[in-house]
Amino acid sequence: MYYDYGKIEKKWQEIWDKEETFKASNSSDKPKFYALVEFPYPSGQGLHVGHPRPYTALDIISRKKRLEGYNVLFPMGWDAFGLPTENYAIKTGVHPAVVTRDNVAHFKKQLKMIGYSFDWSREINTTDPAYYKWTQWIFIQLFKHGLAYKKEFPINFCTSCKVGLANEEVVNGHCERCGGEVIRVVKNQWMLKITEYAQRLIDDLELVDYPDRVKSSQINWIGRSEGAQVDFQLKDTDEKLTVYTTRPDTIYGATYMVISPEHPYIEQYASRISNIDEVRSYCQESAKKSDFERTELVKDKTGVRLEGLDAVNPISGEVIPVFVSDYVLMTYGTGAIMAVPAHDQRDYEFAKKFGLEIREVISGGDISEAAYTDASGGTAVNSPLINGLKGKEAISKMIEIMEEKGIGTRKVNYKLRDWVFSRQRYWGEPIPMVKCDKCGWVPLPEDQLPLELPQVDNYMTTDTGESPLANMPEWYNTTCPVCGSHAVRETDTMPNWAGSSWYYLRYTDPHNDKALADPEALKYWLPVNWYNGGMEHTTLHLLYSRFWHKFLYDIGVVPTPEPYAKRTSHGMILGENNEKMSKSKGNVVNPDEVVTSYGADTLRTYEMFIGDFTQAAPWSENGVKGCKRFLDRVFKLPDMVKPGKGYSPALEKYIHQTIKKVTEDIDSMKFNTAVAALMKLLNLYTDQPSITDEDLRTFLILLNPTAPHITEEIWQTCGYPSQIAHTPWPKYDEAKCAEDMVEIPVQVNGKVRDKVTVAADADEETVKEAVHQSAAVARSVGSSSIVREIYVKGKIYNIVVK
RNA sequence: GCCGAAGUGGCGGAAUUGGCAGACGCACGGGACUUAAAAUCCCGCGAUUGUAAAAAAUCAUACCGGUUCGAGCCCGGUCUUCGGCACCA
């Protein structure tokens, strides 16, 4: 009989669909297990072989958990709002919803071909109004709790297409589509106060099982720093210039101050600044600079002194000049700094360029060379109130002094900024807010949700950079839900991250029209037990969804403080040439072709065997063939079966060892070695004259999560009861895994010279005796004298000679 | 610059976390089967020296040093590659 994978796979996929084999139940006596993979963006290109890697991994985990007696939720859906679809619509005029529908159909067909055990009855789509109704609902809750607010914020604007651009459409400071210059234009945008959750987003990482690299990149991104906020009096005014510093211990070295070009004091004190024209033109120049240019010229400090505006050092009383420079950011701290050139590299460079004093106040470095920035090493000098103190002690003391004098306070700052939530785009969730002439911003009442996207003629943003919805007065003119007078709808839409920030909640109860999900369902399924996704989502997506989840927890919608109990991430699959797969490089491999030429089970097996799951690995067609050969040999196994009870005595030990290995390896995502162990066991089987039914059955179950179609088919052909999908996972007996006889390597001075075979439980005396009978050992020892002998039970015997 | 991960045969990668380096697979070589090829099956496969063939020895986990009876694994330093962040005071 030949392995007709095409027919077999189709057959089993139909059975699974028909019998709803993998449907999860919201009430069950079994323990629950919620496995989640990142839902894809259904692009026009379809799947490439990178997609199946994480899906197959969690499919294996899910299938195994089911056999182990869990009620498993393993869902799939579509993160379907997004730029490529919108750009395609701009180009062709085809409505994004139509494009999305077609792409989803294509993706779904491709996924089905690979035989995943998704519960398709729970499929969701972020662009479905029944879904985004709840995305809008969450936004309204955020607004009601003061976590959504409007603020002036710059967007990218292409000066030649006159269109607002997403960050990813700006390439090296130029428009991705026309190459035109991109500048920043300030718009009034919705912001979400994620910063309010910054500390909890750090602290609660304690509660979850994420890889260290993921935790540390979250912590890094949030960027907590401790320091002080200090007031400097502006000379001859009543006002203070407040700065943030992590090094209040260096305040005696502050020889000037710098404010950011966007700082309000510039205009407020315009009349006092004698060179205001020069200052203004500097500010305008830096406003025009794109982020790219600003960071491009990192080392080249520019700036202008504010003539006529000086500050007073509150500790020393010294009068120091104030500069404006774009190396100070308005968006961090207070938008102003005290510059300590001796102990900050940026201030050092600025001071060198402008000929300002560089005054050492912490000893330990050589400030003629570079700033000495070590915060823990040096000792305070030239600092009358804290001279002689070091590091943390100096910092604490200085803060105490400042607090006593009422000129400063301890302060924690975060690099994390509030989340810019508005997009001047069509293909996103409409923001469910109206602006009433009398009442201000008012959220839509719940019974008016979802606020659906209207049909538009043109998907381009307007030439002032507004969303296409801003061209539709018949849509945006409305009445105020509170007072009934004239109001205008928000025409911006939500960013891509919105729908994906809570989708895992919807899977628990995807058809609910009364709530985002039934509280009972949430209570039953949350938290997600295991969430796998790409490293590229470990900052934004993971942080945003943790933020929303925490907010929903605070308002009593979800029952857990964290959404995902465990997070893992997979490595990329590269092209055969070891480069990232891309259309332009022509090294993209399409999973459909692999399925057609070799079968879904081969694709699955190969993707798991390709290498360490967390590392990138290059595709290899020959490697695929190797896995196909493995399955071909598996398919022939039934021919070897002869009647017999239980495991073959010659195989029993190895079967127990393999059950153990495969069980543990799947749990720790070492799929490559799990497959290797099964290949090894197969080699042992085929070395035998015959095998028993029990030998075969156990092998099939162990292989089933990885290669579900072929194993079910063989199972059925052999007439075994029911299906593997309803058969328990095999158990191993630790005692039966153990070897009776062990081969102990014998070393002389750390070099293996011989091996002795002894009973596994042999005592040291017995082993020693065997070792000393070895001719090879005797030869190596020669005439040297034995200094010491070390025996590690069951592992090694080492003789030290001199 | 900062943070993170990694560096092992011709290749993808193993190594129970300090105990036989190279599992498993690919590629390659030899053989069987075949009119022939493909497929399949069997054998070999880190390098050097050595041998008729064996045996055996030496060297090998990016590099240098250390700890240890023993290091791919631990410690100190250096180099390289990849990923993320980047004027955050």
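A, B, ... follow the sequence lines: proteins, then strands. Residue 1 opens every chain. Predicted, not measured: the structure shown is a model, and the values here were computed from it.
Between A/M535 atom CE and B/rC3 atom P there is a gap of 16 Å when expressed in whole angstrom units. Summarising the geometry, the separation between OH on A/Y256 and P on B/rA89 is reported as 16 Å, rounded to the nearest angstrom. Following rounding to the nearest Å, A/F609 (CZ) and B/rG12 (P) show an atom-to-atom distance of 13 Å. Between A/I790 atom CD1 and B/rU68 atom P the separation is 12 Å, expressed in whole Å. The nearest whole Å value for the distance from the OH atom in A/Y327 to the P atom in B/rA86 is 20 Å.
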Given the rule in the side-chain contact (heavy atoms from CB on, under 4.5 Å) test, do A/L306 and A/I259 qualify, once you have shown the distances and angles that lead to the verdict? CA-CA 10 Å; A/L306 306 182; A/I259 64 175; 3.8 Å; yes
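Among the protein residues, A/R753 comes within range of the sugar-phosphate backbone only, with heavy atoms under 4.0 Å from sugar or phosphate atoms but none that close to a base. Note on A/T245: only backbone sugar-phosphate atoms sit closer than 4.0 angstrom, heavy atoms only; bases stay farther off. Residue contacts shown for A/K670 are limited to sugar-phosphate atoms, with no base heavy atom under 4.0 Å away. Nucleic acid contact class of A/A616 (heavy atoms, under 4.0 Å, all strands): sugar-phosphate only. At a threshold of 4.0 angstrom between heavy atoms, the contacts of A/N220 are confined to the sugar-phosphate backbone, with no base atom among them.
When side chains are defined from C-beta on, A/T766 does not count as touching A/V758, because their heavy atoms never get closer than 4.5 Å.
Ring orientation note: the planes of A/H772 and A/Y797 are nearly perpendicular, at an angle over 60° on the 30°/60° scale.
Put simply, the side chain of A/N622 and the base of B/rC26 share no donor and acceptor less than 3.5 Å apart. If you check distances only, the side chain of A/K625 never reaches the base of B/rC26 with a donor-acceptor pair under 3.5 Å. Between the side chain of A/K680 and the base of B/rC24, no donor-acceptor pair under 3.5 Å is found.
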